Structure formats: structure tokens, C-alpha cells
Q: 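Sending over a structure as C-alpha cells; questions will come in a sec.
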Amino acid sequence: MPTTQQSHELPAQYDPGQTERAIYDRWVAAGIFSAEEKRSNRNGGDRQPFVIVMPPPNVTAVLHMGHGLNNTVQDVVIRWRRMRGDEALWIPGLDHAGIATQNIIEKQLAAEGTARAELGREAFVQRTADFVERTGGEILQQLKSIGASCDWSRTAYTLSPSLSQAVREAFVQLYERGLIYRGHRVIHWCPRCLTSLSDEEAQHSDESGSLYHITYALADASSVAGLTVATTRPETMLGDVALAVHPDDARYSGLVGKFVILPISNIEIPIIADEYVDPSFGTGVVKITPAHDPNDFEVGLRHKLPMPIVMTPEGAMANGADAGGRVPSHLVGMDRFEARKRIVRMLEESGQLLRVEPHQHAVRHCYRCDTVVEPRLSDQWFVRMQPLAKPALEAVRNGTIRILPERWEAVYINWLESIRDWNISRQLWWGHRVPVWYCDPCGKTYVSRTELSACASCGRAVRQDDDVLDTWFSSWLFPISTLGWPDKSSAGLAAFYPTDDLITAPEILFFWVARMIMGGYAFMDAPPFHTVYLHGTVRDTDHVKMSKSLGNGIDPLDVVNTYGADALRYTVIAGMGMGADLILDHRDLEKSFAPGRNFATKLWNIGRFLLTNVGAAPVRSIDELSDADLTLPDRWILGKLGTTISECDAALGPARPSNGEWRLEERYAGLRLSEYAESARRFVWNDIADWYLESTKGRIAEGGDDGEVARAVLTHVFDNALRLLHPIMPFITETLWQRLPSPLAAERAEFLAVAEWPTALPASAGTLEAMTLFDLVREGVTALRQVRSDYAIAPGKSIEAVIRSPRNEDLFRTHAPLIGRLARAAVRTGDADSAAGAAHVLLSDGSEMIVPLGGLVDLSRECGKLRSELEQLETQLQSLSKRLRNEGFTSRAPASVVEAERKKEEDWRRRREHLAEKVKALCGD
RNA sequence: GGGCGAGUAGCUCAGUUGGUUAGAGCGCCUGCCUUACACGCAGGAUGUCGGGGGUUCGAGUCCCUCCUCGCUCACCA
């Protein structure tokens, strides 16, 4: 019965802005997002830990839609596990993002007419830290506003003292194990950022350039006029120290050991033989520029060639180390691309430019500023990767770690198999300083956990390495450093390491994910997580990746403010298939987020119906109701609830491997969040709202015992629906759940966020039957509605209908009032003499018509089809069973085949039972 | 160039080991302000499942081939 309590009235319109903030604060105040070490069953507690470490957003800027997606996915998973009773821990964090952040501040300084050199290192770092403090704070607020249920007491920052200590410890340990070394070689150099880059940070993109064919004249008079080489980078020729040919190349065998004259520089360089040269490509002659090309560097090493550097760090031509006077004065100081043009012109004039042809090739660019990277000889620190990669490779191969979607596992394995050493030193100011000190006078090098000031052998002052570490050198420790490493006996590591899921975008699979796995094994002898879930990228309707700089971005806060966090979350989860990109229209937020907004409104209105019609008075517990109390719609919706719970559970999947390693049958199951969202949505909208709720209106209005049953069942199924939806739409579900007239109000959890996840009860035969029968009722209603629509019967006009059904006369007679209500018709059941179904509709003006009712009433045909299907299945099953009983088959066929056949048999049996059940319910035999 | 993936309704995508009539959301058409909801309700239309070939009683699903996109890696100057 409707309640008189005004406190339970809901406003007609859901206003997320008014409710979300307040609910979030209450959750935090209640401490439900905080995980405790002592509750973990690895640490004496009674709960299974479930841990997610957040990919720490870069502090360069506030969050964009990609972060919205990433953090929503993580929050859905962590809230699901929290409701399942796990000790759920989601560790939030921020990444100092070395090179990216430094770029931002440099741009600011440039706009102010100054530069970092003028500011000095200390002031620059301070200024950057101030910037980071502001942005970082804003990012954390944004995460809260989308509902992220992180344990904020553990918020980590890669440049914090404790994480910095972990970084230093990792460096020293690897150095002591011989896995970090100082190398002199050609690395990728960004002439704009003025730092070296790792292979991953120098990203290929295809460009159309030119291939210049240049003739080098022989130094001595010879039968051959000269040798022709092809290059895409003529400016580097000033650093040439040799021409190389393949040792077996008959064309040039007589020339090896002779000299050519390097054009422009006019110096003699030798012709050498090296297997590196591919005689079938081009002219089979390669110019060797050891200081500006990694391959040429290797050749240079083999042949003990000089390695002249002909460019400044900024990419201007110059006579650097070993260059002598190779670069003529009129080229010195000229930018590399300008010099390229100039040199080409000079060669043209001297007749040494044979020809120029267009050339498609991949050019590496700096991943932060997109400047063309220049290979450059320099001293850097490297991590020896092969030993680290070995266990990381094995982990994915043997199923200790799975990567979803599955196809990324091959990409991961492919990359690790051919991994090269990792350049970790950066010539930047923003980051962890390399923990190495040099004593210049006595030439000693110290790698140290603690700050050093004096040389241990001579006592004089030492200087620390100027470089900082690659920002990913701190990120790769994140799962361990946030839990207490290097203190291996910390409570955090004991309770929560290894963690469970790592949820991120594929872009950082190599940068971060693979290295974390290596780091986990290197420092903890254990994988950091068992599941890597790679979700798609947020793109606009033209499939262009959203970004602020392209102007096609969406600010998640705009969405939260306009439509609510739940609308954002639902839209994102529902629209994202496994590993598929999420397409949103930045020009039309209304259209993009309508699915979530509309569904939230639907939930709200169901809530309003409940609170006004069911009221606030306690309802009977579902357990108190006996089978006899329940009407057909009751049993139907309870059955639907059961299948929905099962569907949601199946879509979410196993949370962890059942036995340490993923078994094949569970390995790629679960985390199908869009399927989970769709199941829950269908239940709420298409089952509860469209049918069940409508069916209860009359009963509730009438009151009495049956009214009480309807109140109880409706409340029960909606309560469960809110539980299922809470991980996706935490705010609105919490708001509504708090006001539900639950039977267990006194005993239940204070918050839906920590309420129990629903359990699917096994469907009884009665439930199954109810579901089939109610489907018939629904079909009857649909058929009558169709009549109304097809014959354009005005909505106000009532019609009379007679439903004839040979088999289910009782069913339709019993539910005639309900069918009538839902179809706005006066319904009675007719004579059972006709096998063909029909609605005999009488219009109020006296005319009448007989309308066939499609598949519903033509039971003979329907049953015939079902029976023949059943028969066929029966035959197939018999032959299959016979085959399986045949020893000749079971002993000779491969075990896997036999097993597959057994499984098939089981499936078919189940299908047969299902079908038989249906035939029985429908056809009555 | 190596490796991988995708092509299903106008759009974005589901479709589990081959098996009833290929689904959903959005969009579209028609009629409705029906006492929770027009951010809604009811009804409706729409697919050579990229092309071709094959295996099978049966193919969107398996095999071959071609076409078109995408991802990822890469030292062919």
C-alpha cells in the first residue's frame, strides 16, 4: 500500500549533480574503499584479496575520455569483487611522466620568454613540482567524480620519497647483478627534447622521402669511375668513414682495400668488405657512418673505424668528436634538414648526384614531441633485457598470466622474443637522478643506494651523474613499490602481492605491462598479476583517436556534470566490446551519452513507482513466500532473475585462476563487460519494467495477500537488479537501494557498495515451466497489441477479444484479466474446437473481425516442429552414444577427440532435456 | 617486409565447441502525453553475414583463395 511517509518521495527527475557528491563522501567516510592487510587471507585474515593497481595517469594534464574509460572499467571490476566479499584493493597513483612533463614546463617557459637553462636545474625542478601538485590534485578529484572506489590512503606518486627509494634500489640491484651497464653506442636522440630515447619511445611512421644516389670517386686512377651509394639522409655522409660491400660480391672484389674520396669533405675513406651489406639491394654499396647509424656503428666496431660526430645535440651540422674538419665551415651551424638540401645541391653541381628517386620509408619520431629522431653516438645506461624477459615470456606461454583479448598474447611474445637492451638514461632534469657518482680525479665510478659526497679511495668530492632515469623505470616497479618494496617483508606485499588484474590500453603493452612483468619476476620472483585486460581506445566518429590537441576530445567532467557519472559509466561499458574501440561523437554529447542517461532515468522511474506504489512499509521476505503464494508472473520474473544473475556471472567470469595457472577452458573467459551490462539492462528494462511491473499494478492496487506477494517479489527483484548494476552505475543504484522497503533493512549492509552480490538459485522444473507459460501470455498480449496497431484502433477504444487455444485454455482463462489490462482489451477465451489460433475481436461499434495470432496459437504446427526437432536430436544422440560405447573407437581415437565427443554428448543431452521440457509445457505431452 | 586481427542492419557492435526463424543499442517509419518514465510507451521496416570456391544432412561459424581496412614489430642503406 502506498506510504504516507514523505521522506520516501523521489523527485520526478533524477539529478545526479545533487546526489553523487554526497554519496561519494559517505562511502569514503565509511571507509569501505580501504583495504586492510590483516583481512587478507594471505596475512591471517578470512578474505581473498583482489587487487588492481591503477595505471597512474600522467600529471601532464587533467584526465580525458580515455582515462574515463580506463578507470570506469577498473572500478566496475573492483566493485564487483568487493560485493563478492573479496578484500578489494584498488591502488590509485600518479606518474611524474619525465619527458612529457618537462616538455610542458619548457613550453610554458618559452611562452614567458625564458628557458630552463636560464632558470637552472634546481629552480626548474621546483617549478615543475609545483605544476605537478596542482594537476595531480585535480586528477584525483576527477577520479572521485566518476566514482572511482580507490583506497585513497595508498595514493602513490612515482616521484615520492618511498617510490624513489624503490627506483634507486632497483637500479643498484640490477647493477650488482650485472644487468645494468654503461654503454657507448648509437642511440635514438631527440634533437628537440635533447635527450636519448628508448627504442619504444622512437616510434616509426611511414613517410615519403627521397633516395639519393651519390657517386664517390676512387682516390687513385682506376678503371672504375666511382662507386654509387644510395642514402635517404645525405647530410650524414659528412660522417662517412668507409664504403662497404659484401665480401662475396664479385662486382667489387677488386676494390676492397682501395680508397674513395668523400665528396664535400674531400677526404679519403676506405672500401671495406662486410657481411652486413645486402648485395642484392641497390648498388650493393653502403656508406658507413658509425656515429649516426646503429648498423654502421656495428660495422665500425668490427673494422675499428673512427666514429666522427658531425652534428650538435640540437641537430645542427658541426665538427664534433673525431670529426676533424670534415664539415666545411659554410655548413657548420646549419640545421640538418637545411643542410640536406644544401648538400644535395652541391652534389648536383659537382655532378656527383646520379639521381633522386621517391622513397617510402619508416622514419622514427620522438613519441612526445614528434620530432624526427637522430641516431647519435653517446654514453648511456642500459638494462640487459634478455635475462629479465625469459620468465616474463614463460609466464604468458604457460598460462600464469593471460592477456585479454587473446590476440595480444602473440604480440607480447613476439616482442619479448626479440627484445633489445633498454636505454634508461635521459638527459633531462625532471625525474629520478641516476644513482651513480664519479670521482673525476681517480676515475672511479660508484653505484650507490645512498647519497655520496666523497670518493672512497681518494677522499675528494664526487659528482653525481647528471642524467635522470626513463620515466618507465619507475612505472615498471609500480605493483611492488606501491605495496612496500624494497621491504620484502612488508605487510602490503604479504597481503596483496601478487595483484590480480592489470587494466589498460594496448598502447603501453611494451612500455609498461611487459616491463612490470619482468620487474615482478626480477625483484619478487613472482608475477605482478595474473590477468592483463587491454581495452580499446576512445575515438571520434571518424575513428580518429580523441585528443585535446586535435580538438576532438571529450572532457569527462562535462559529461559527469551534464548527464551524471552513471550515464558516462554505463555508456562506456555498454558500448565497448572486448578489446574493441569506443566510438563517441564529441560534437553531440547528447547522442553519445543518451544510452546511459536514458537507462539511469529508467531506473529512477522504476524506483519512483516502487516508492509511491509499493511504499515504504516493510515487505515480506521472499523466503517466507511459499510456492503456492506465487502467481505465474512472480515465478517468471524470479526465474528471469536467476538466468540474469547466471548471465552476469558468466560474462564477468572467473576472477582468478582456480589453480595458480589459467586452465585453457577458463583462460579467455570473463571480463566481457558489455555483455554483463546488456544482461542487466535487459532484465531491468525488458523484463521488470516492461512486463513484471505492469503485471503487478492491479495486484498492488487491490492490496490483500496477493498484493503483499507482488510487493515482496517486485521489491526483491529490483533489489537484486540494483545489486547487479551497482558496479556499473554506483551512484543511482546506491541512492535507490537506500530507500528500498527491504524486508531485511535491519540486517542488511549499510551500503549497496558492500552488499552481497546476488546468487543464482538453481532453476526448478516449476520455474522452467512458468517461464515457458508466461512467454505464452506475453505472446498473447503482443498479438492483441498488434491487432490494435494493424487495424488502427484508437487507443481510447476498448476491444473485445476471444482467444482460442486448444491446449492452454486454462492458462489464458486464468490470465485473461492480465492480458486484457496489458493489451487494453476485454479478453475471454473461446471454444477449444479450432486448432488454428485466432483472436476474435469485437469492436465497440459492433463490427467484428477474426485475426490469426501467428505462432502463438497455431500450436499444432509449433508442436510439430518441436517434436521433429526432438526426434532428430534423439537419433543423433543415439548414434553418438553408440559410437562412444564402441571400444574400437574409444581406444583408437585420440584422447582429445573422445573427450570432445563426450562433451558433445553431454551438451546434446542437456539440449534434449530442455527441448523435452518445452514440448511438455507447450504441447502437453 | 614479418606477425596478428577485422569485414554481419544506415551507424557502433554481439553472435561461445557448426544446429530452431542471424541479435542488441542508436538511427528510421507509424500511432500514442495509457494514473513510474515523451530521457517514455506500443507497433513496424531493414541483412547476397566482404567476393568466389570447398567440406557437411546442415556454414555467419571450418578449409582454400581473392579484395578492402586496421593493429603491431622492423637496421635493407
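Note that the coordinates shown come from a computational prediction; the quantities given were computed from them, not determined experimentally. Chain naming here is simple, since letters A, B, ... match the order of the sequence lines and numbering starts at 1 in each.
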Q: By the side chain to side chain donor-acceptor pair (under 3.5 Å) test, which pairs, at least two apart or in different chains, include something from residues 572-581 of chain A?
A: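 Residue pairs with at least one partner in residues 572-581 of chain A: A/R539-A/D581.
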
Q: Report yes if a side-chain nitrogen or oxygen of A/R785 is closer than 4.0 Å to either non-bridging phosphate oxygen (OP1 or OP2) of B/U34; otherwise report no.
A: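 A/R785 to B/U34 OP1/OP2: no side-chain N or O under 4.0 Å.
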
Q: Pairs under 3.5 angstrom only: tabulate donor-acceptor contacts from the side chains of residues 205-216 of chain A to other protein residues two or more places apart or in another chain.
A:
residue, atom, partner, partner atom, Å
A/S205, OG, A/H365, NE2, 3.3
A/E207, OE2, A/H365, NE2, 2.8
A/Y216, OH, A/D240, OD2, 2.6

Q: Return no unless some side-chain N or O of A/N598 is found under 4.0 Å from OP1 or OP2 of B/G40.
A: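 Yes.
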
Q: Let's test your reading of the model: under 3.5 Å, does the base of B/C39 pair with the side chain of A/R597 as donor and acceptor?
A: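 A donor-acceptor contact between them is present.
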
Q: Residues in side chain to side chain donor-acceptor pair (under 3.5 Å) with A/R587, at least two apart?
A: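 Partners of A/R587 by the side chain to side chain donor-acceptor pair (under 3.5 Å) criterion, ordered by chain and then number, come out as A/T541, A/D585.
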
Q: Which part of the nucleic acid, if any, lies within reach of A/L693 when heavy atoms closer than 4.0 Å are counted: base, sugar-phosphate only, or nothing?
A: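 The residue A/L693 makes base contact.
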
Q: I'd like to know if the side chain of A/Y367 pairs up with that of A/Q203 as donor and acceptor (distance under 3.5 Å, no hydrogens or angles considered).
A: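 No.
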
Q: What residues from residues 415-422 of chain A pass a heavy-atom cutoff of under 4.0 Å to RNA chain B?
A: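 When residues 415-422 of chain A is checked for heavy atoms under 4.0 Å from RNA chain B, the hits, listed by number, are A/R420.
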
Q: Under a 3.5 Å cutoff on both atom distances, Watson-Crick or G-U, what's the dot-bracket for RNA chain B ([ ] crossing, | other strand)?
A: (((((((..((((.....[...)))).(((((.......))))).....(((((..]....))))))))))))....

Q: Quick check: on RNA chain B, is the nucleotide nearest A/R681 upstream (toward 5') of the one nearest A/A689, or the reverse? Name the residue that is more 5'.
A: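 Its nearest nucleotide lies further toward 5', so the answer is A/R681.
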
Q: Is any side-chain N of the basic residue among A/E702 and A/R699 closer than 4.0 Å to the acidic one's carboxylate O?
A: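 Salt bridge absent between A/E702 and A/R699.
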
Q: Spell out yes or no: do the side chain of A/E694 and the base of B/A36 have one donor N/O and one acceptor N/O closer than 3.5 Å?
A: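 Per atom types, the contact qualifies.
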
Q: Kindly state which residues belonging to residues 581-588 of chain A come within less than 4.0 angstrom of RNA chain B, counting heavy atoms of the residue only, listed by number.
A: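 By residue number: A/D581, A/I583.
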
Q: Rounded to whole angstrom, note down the C1' distance from B/A24 over to B/U68.
A: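 Looking at atom C1' only, B/A24 and B/U68 are 26 Å apart.
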
Q: For B/C75, does either OP1 or OP2 sit under 4.0 Å from a side-chain N or O belonging to A/H204?
A: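 True: A/H204 side-chain N/O within range (under 4.0 Å) of B/C75 OP1/OP2.
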
Q: Can you tell me if the side-chain N/O atoms of A/K697 get under 4.0 Å from OP1 or OP2 in B/U34?
A: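 False: A/K697 side-chain N/O out of range (4.0 Å or more) of B/U34 OP1/OP2.
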
Q: Ignoring backbone atoms, establish whether A/W685 has a side-chain N or O less than 4.0 Å from OP1 or OP2 of B/A36.
A: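 Checking B/A36 against A/W685, no side-chain N or O comes under 4.0 Å of OP1 or OP2.
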
Q: Please report the closest heavy-atom contact between A/F593 and A/L568, naming both atoms and the distance.
A: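 Looks like CD2-CA, 4.0 Å.
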
Q: If only side-chain N and O atoms of A/H361 are considered, is one of them under 4.0 Å from the OP1 or OP2 phosphate oxygen of B/G1?
A: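 False: A/H361 side-chain N/O out of range (4.0 Å or more) of B/G1 OP1/OP2.
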
